[in-house]
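First comes the structure, then the notes that go with it.
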Number of protein chains: 2
Amino acid sequence: MKPTIYDIAKVAGVSTATVSKVINNKGRISDRTKEKIYQIMDEMRYRPNVLASALKGKCTYQIALLIPDMDNPIYAQYLKHIEDRGQELGFSIVMCSTDNNPEKEAKHITLLRQKKVDGFIIASKFSNEELLSELLQDEVPVVLFAHERPEMAIDSVTVDDYWGGFMATEHLISLKHEKIGVIADDSISCRERIRGYTSALRSAGLSAEDNMIVITRSKMADAEIAAGTLLDLTDRPTAIFGCNDIMAIGVMQAARKRHLTVPDELSVIGFDNTQMCTIVVPELSSIAMPVHELGKKAIDMLIDKIERQANLKQNIKMPPQLVIRNSTSKKK
Amino acid sequence: MKPTIYDIAKVAGVSTATVSKVINNKGRISDRTKEKIYQIMDEMRYRPNVLASALKGKCTYQIALLIPDMDNPIYAQYLKHIEDRGQELGFSIVMCSTDNNPEKEAKHITLLRQKKVDGFIIASKFSNEELLSELLQDEVPVVLFAHERPEMAIDSVTVDDYWGGFMATEHLISLKHEKIGVIADDSISCRERIRGYTSALRSAGLSAEDNMIVITRSKMADAEIAAGTLLDLTDRPTAIFGCNDIMAIGVMQAARKRHLTVPDELSVIGFDNTQMCTIVVPELSSIAMPVHELGKKAIDMLIDKIERQANLKQNIKMPPQLVIRNSTSKKK
DNA sequence: TTGAAAGCGCTAACAT
DNA sequence: ATGTTAGCGCTTTCAA
């Protein structure tokens with residue numbers, strides 16, 4: 001059997017309370033007994049039972065991460081970096097795939113609250129307002145990741161989507177494009193990216209036309225169809241901003257089917273700067289987010305809330321970066 | 001406060017033991033009280049505390065999944081399908097990134113054993129023999145995923161790597177290629193794939209030359225370099241089998257840098273059939289594994305072990321499938 | 001068919 | 001500085 005504090009206490013000739021105090025570094029214990037207890041724990045290969053201490057209200061060192069769509073590599077990146085940082089800090093990540101489905105979101109949340117995870121990082125759209133306010137009300141630590149809720153007094157760490165959209169569009173404009181399309185899904189981030197797009201257009205004195213904006217599901221095939229409607233216009237755009245790399249690649253495929261060369265006849269830019277950018281031909285220009293820092297910040301923020309029960313709302317927004325590759329060029 | 005069995009018992013006018021029995025469907029309880037208790041639990045929105053019951057030796061409904069490299073989309077696919085099935089069955093997945101690093105593997109395993117996950121699915125190379133036998137000895141439920149250990153009497157669900165390698169090579173041979181290279185990493189699966197490759201060559205009466213086999217790390221850049229050594233040979237291969245899609249794409253990039261057209265001057269085939277296959281140009285032929293079924297089988301097998309303490313070793317091996325796209329063509 | 005009670009391993013208030 | 005003790009919420013033997 002695995003040793004318990006009782007075993008340690010017995011061997012050390014002290015009470016379990018003392019052992020517990022040593023483990024948690026609490027109360028005042030003489031250096032001598034402390035030393036002794038450490039040694040004994042070592043010898044007996046003692047490992048505290050997390051369950052038991054969690055039952056007493058301590059934390060479980062588990063964090064749930066809700067992610068909408070594992071098919072999009074950017075989410076795998078989120079996971080990777082969040083897990084990395086969690087690992088460093090002794091926190092495990094429980095991965096929850098939601099498919100942007102409110103029911104799945106709810107199911108995961110209730111289940112994992114029962115299982116007493118210490119907090120949630122939500123990278124999913126999370127349309128379920130009710131559940132969210134329930135979490136807030138119950139003071140469950142939550143941080144939104146790459147999905148804001150400005151109206152909701154909830155912590156978040158995001159990339160500046162508006163600015164990203166702006167930069168992407170501005171880059172296209174600097175290449176003399178004047179008719180620029182955009183393909184996006186209906187998420188809040190994409191709305192922001194579109195806002196940046198519109199704003200860039202305006203500040204360049206260009207008009208933002210409604211028919212240049214197409215909203216569809218965030219799947220390559222859907223994006224391809226959406227791009228098709230743009231490209232089949234008699235007055236077609238000479239550049240398209242795909243609101244994430246998946247969609248941008250969908251655009252490239254639509255172009256290829258129509259024998260339009262990228263970038264000569266159509267410039268394309270994406271968002272997320274995933275590995276996919278470097279394997280398509282031509283390589284895809286994109287907007288990079290600092291995934292690593294974002295992930296670290298999110299975990300650190302959450303753990304801070306968990307351990308210090310800190311309750312001040314924070315909204316961290318980090319700047320994205322333009323990465324120019326070969327899918328964008330001067331309008332011919 | 002959330003209600004406990006005590007609350008339920010009090011309201012129902014029974015003992016906690018009775019409530020517990022109803023919850024677990026154990027012992028004999030009259031239908032009447034059963035009914036009543038169910039109703040009360042419903043009304044009070046009772047949710048059992050998993051921690052407490054786990055402390056008494058029940059399961060935590062948590063499974064750890066060890067994955068080597070989140071940058072390879074195939075692993076995201078594993079995760080996705082395993083999580084899917086887990087979700088259906090009420091099991092949460094704790095995701096552990098190992099980077100094929102034995103220390104990280106060990107760290108995760110010890111940590112999660114402390115946290116009392118019910119079992120492990122190991123999709124990582126897992127070089128740490130010692131730890132593995134420790135797990136076996138302690139009768140911790142483990143199933144190996146897509147990584148076999150024939151010598152080790154441990155459950156596994158894998159794809160038939162040998163057969164996959166055979167099919168890929170045979171396909172190339174059927175296109176009249178005679179000098180076929182292969183790029184692989186040093187994992188067991190890749191060794192099997194190479195065995196299939198060699199065997200296909202032999203059965204076609206072709207010679208398997210050692211200098212046609214290059215082992216390197218499973219990264220695109222490394223594969224590109226490795227492929228370079230093959231392509232720069234005066235007597236270069238006319239086809240290359242990349243032991244996974246990442247590596248195959250590395251091969252394609254090496255070819256592009258040398259102005260060799262795929263498939264006209266070089267046929268390339270991959271393995272895993274990830275989404276990447278359809279976004280590269282030309283689209284990459286590959287070997288598909290039934291990820292969905294594989295994931296389901298792994299979870300089901302593990303849960304079976306957890307719940308029934310079944311202990312018969314099973315090794316499920318599923319057949320892969322050849323997917324022909326445009327990166328492979330008849331030798332010119 | 002039901003209940004009393006011990007205990008899983010740990011923590012924390014309260015004593016000493 | 002250290003110990004006593006009462007739980008955390010649940011399961012399970014044993015008795016009724």
Side-chain angles (χ1 to χ4, degrees), chain A residues 1-38 40-41 44-62 90 111 113-118 306-307 309, chain B residues 1-38 40-41 44-62 111-118 306-307 309:
Chain A
M1 264 322 279
K2 290 191 121 198
T4 71
I5 24 171
Y6 284 96
D7 303 317
I8 306 295
K10 199 180 297 169
V11 175
V14 298
S15 75
T16 60
T18 309
V19 179
S20 172
K21 279 171 195 150
V22 171
I23 292 171
N24 299 290
N25 227 324
K26 267 188 173 174
R28 21 215 91 262
I29 305 289
S30 74
D31 285 356
R32 254 189 51 251
T33 47
K34 214 182 254 184
E35 213 41 61
K36 185 161 75 179
I37 289 178
Y38 275 134
I40 294 178
M41 292 199 300
M44 303 183 65
R45 305 163 135 276
Y46 169 76
R47 297 275 163 250
N49 181 326
V50 186
L51 254 38
S53 85
L55 188 55
K56 289 291 291 182
K58 295 275 184 149
C59 60
T60 54
Y61 298 97
Q62 307 217 104
L111 185 61
R113 286 191 65 183
Q114 267 161 243
K115 293 188 185 170
K116 308 287 183 208
V117 299
D118 297 326
I306 291 167
E307 299 197 322
Q309 275 132 319
Chain B
M1 264 323 278
K2 292 190 119 200
T4 71
I5 23 171
Y6 283 97
D7 302 317
I8 306 295
K10 200 179 298 168
V11 175
V14 298
S15 75
T16 60
T18 309
V19 179
S20 172
K21 278 172 196 149
V22 171
I23 293 170
N24 299 291
N25 228 324
K26 267 187 172 175
R28 23 212 91 263
I29 305 289
S30 74
D31 285 355
R32 251 187 53 248
T33 46
K34 214 181 255 180
E35 212 41 59
K36 187 161 75 182
I37 290 177
Y38 274 135
I40 294 178
M41 292 199 300
M44 304 185 63
R45 304 163 135 277
Y46 169 76
R47 298 275 162 250
N49 181 326
V50 185
L51 254 40
S53 85
L55 188 55
K56 290 293 290 184
K58 296 276 184 143
C59 60
T60 55
Y61 297 97
Q62 306 215 106
L111 185 61
L112 288 166
R113 286 191 65 181
Q114 266 163 244
K115 294 191 185 169
K116 308 290 183 205
V117 300
D118 298 326
I306 291 168
E307 300 197 321
Q309 275 133 319

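- Spacing between atom NZ of B:Lys116 and atom C1' of C:dG9 amounts to 9 Å, rounded to whole angstrom units.
- The separation between A:Ile23 atom CD1 and C:dC10 atom P is 7 Å, rounded to whole Å.
- In this structure a side-chain-to-backbone donor-acceptor pair under 3.5 Å is present from A:Lys115 to B:Tyr61.
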Protein heavy-atom contacts under 4.0 Å, written 5' to 3' over nucleotides 2-7 of chain C as B (base), S (sugar-phosphate only) or - (none), form the string BBBB-B
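- More than 12 non-hydrogen atoms from other residues, nucleotides or ligands lie less than 6.0 angstrom from OH of B:Tyr46.
- The environment of B:Lys10 atom NZ is sparse: at most 12 non-hydrogen atoms of other residues, nucleotides or ligands sit within 6.0 angstrom.
- Contact check for B:Asn49 versus A:Gln114: no side-chain heavy atoms found under the 4.5 Å cut-off.
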Run A:Lys34 and A:Asn25 through side-chain contact (heavy atoms from CB on, under 4.5 Å) and show every step you take.
CA-CA 9 Å; A:Lys34 214 182 254 184; A:Asn25 227 324; 4.1 Å; yes
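- Residues A:Met41 and A:Ile23 approach most closely at SD-CG1, 3.9 Å, considering heavy atoms.
- Judged by distance alone, with hydrogens and angles left aside, the side-chain atoms of B:Thr16 form no donor-acceptor pair with the main-chain N or O of B:Tyr6 at under 3.5 Å.
- Using a 4.0 Å heavy-atom distance criterion, B:Ser20 is classed as a base contact.
- Rounded to whole angstrom, the span from the NZ atom of A:Lys58 across to the C1' atom of C:dA12 amounts to 9 Å.
- A:Asp118 places no side-chain N or O within 3.5 Å of a backbone atom of A:Cys59 that could act as its donor or acceptor partner.
- The nearest heavy atom of DNA chain D to B:Lys26 and to B:Leu51 marks one nucleotide each, and the one closer to the 5' end goes with B:Leu51.
- Results of the side-chain contact (heavy atoms from CB on, under 4.5 Å) test with A:Val19 over A:Val14, A:Asp7, A:Asn24, A:Thr33 single out A:Val14 as the only residue that passes.
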- Message: Applying side-chain contact (heavy atoms from CB on, under 4.5 Å) to B:Lys116 and A:Val50, what does each step give before you reach the verdict?
- Response: CA-CA 8 Å; B:Lys116 308 290 183 205; A:Val50 186; over 6 Å; no
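- For the residue pair B:Leu55 and A:Ala52, the shortest heavy atom distance occurs at CD1-CB, 3.8 Å.
- For A:Asn49, no side-chain nitrogen or oxygen approaches OP1 or OP2 of C:dC8 to under 4.0 Å.
- In 5' to 3' order, the nucleotides of DNA chain D bounding all contacts with chain B (an atom under 4.0 Å from a heavy atom) are D:dG9 to D:dT12.
- The rotation axes computed at either terminus of the helix from C:dT1-D:dA16 to C:dT16-D:dA1 lie 40° apart, taking five pairs at each end and rounding to 10 degrees.
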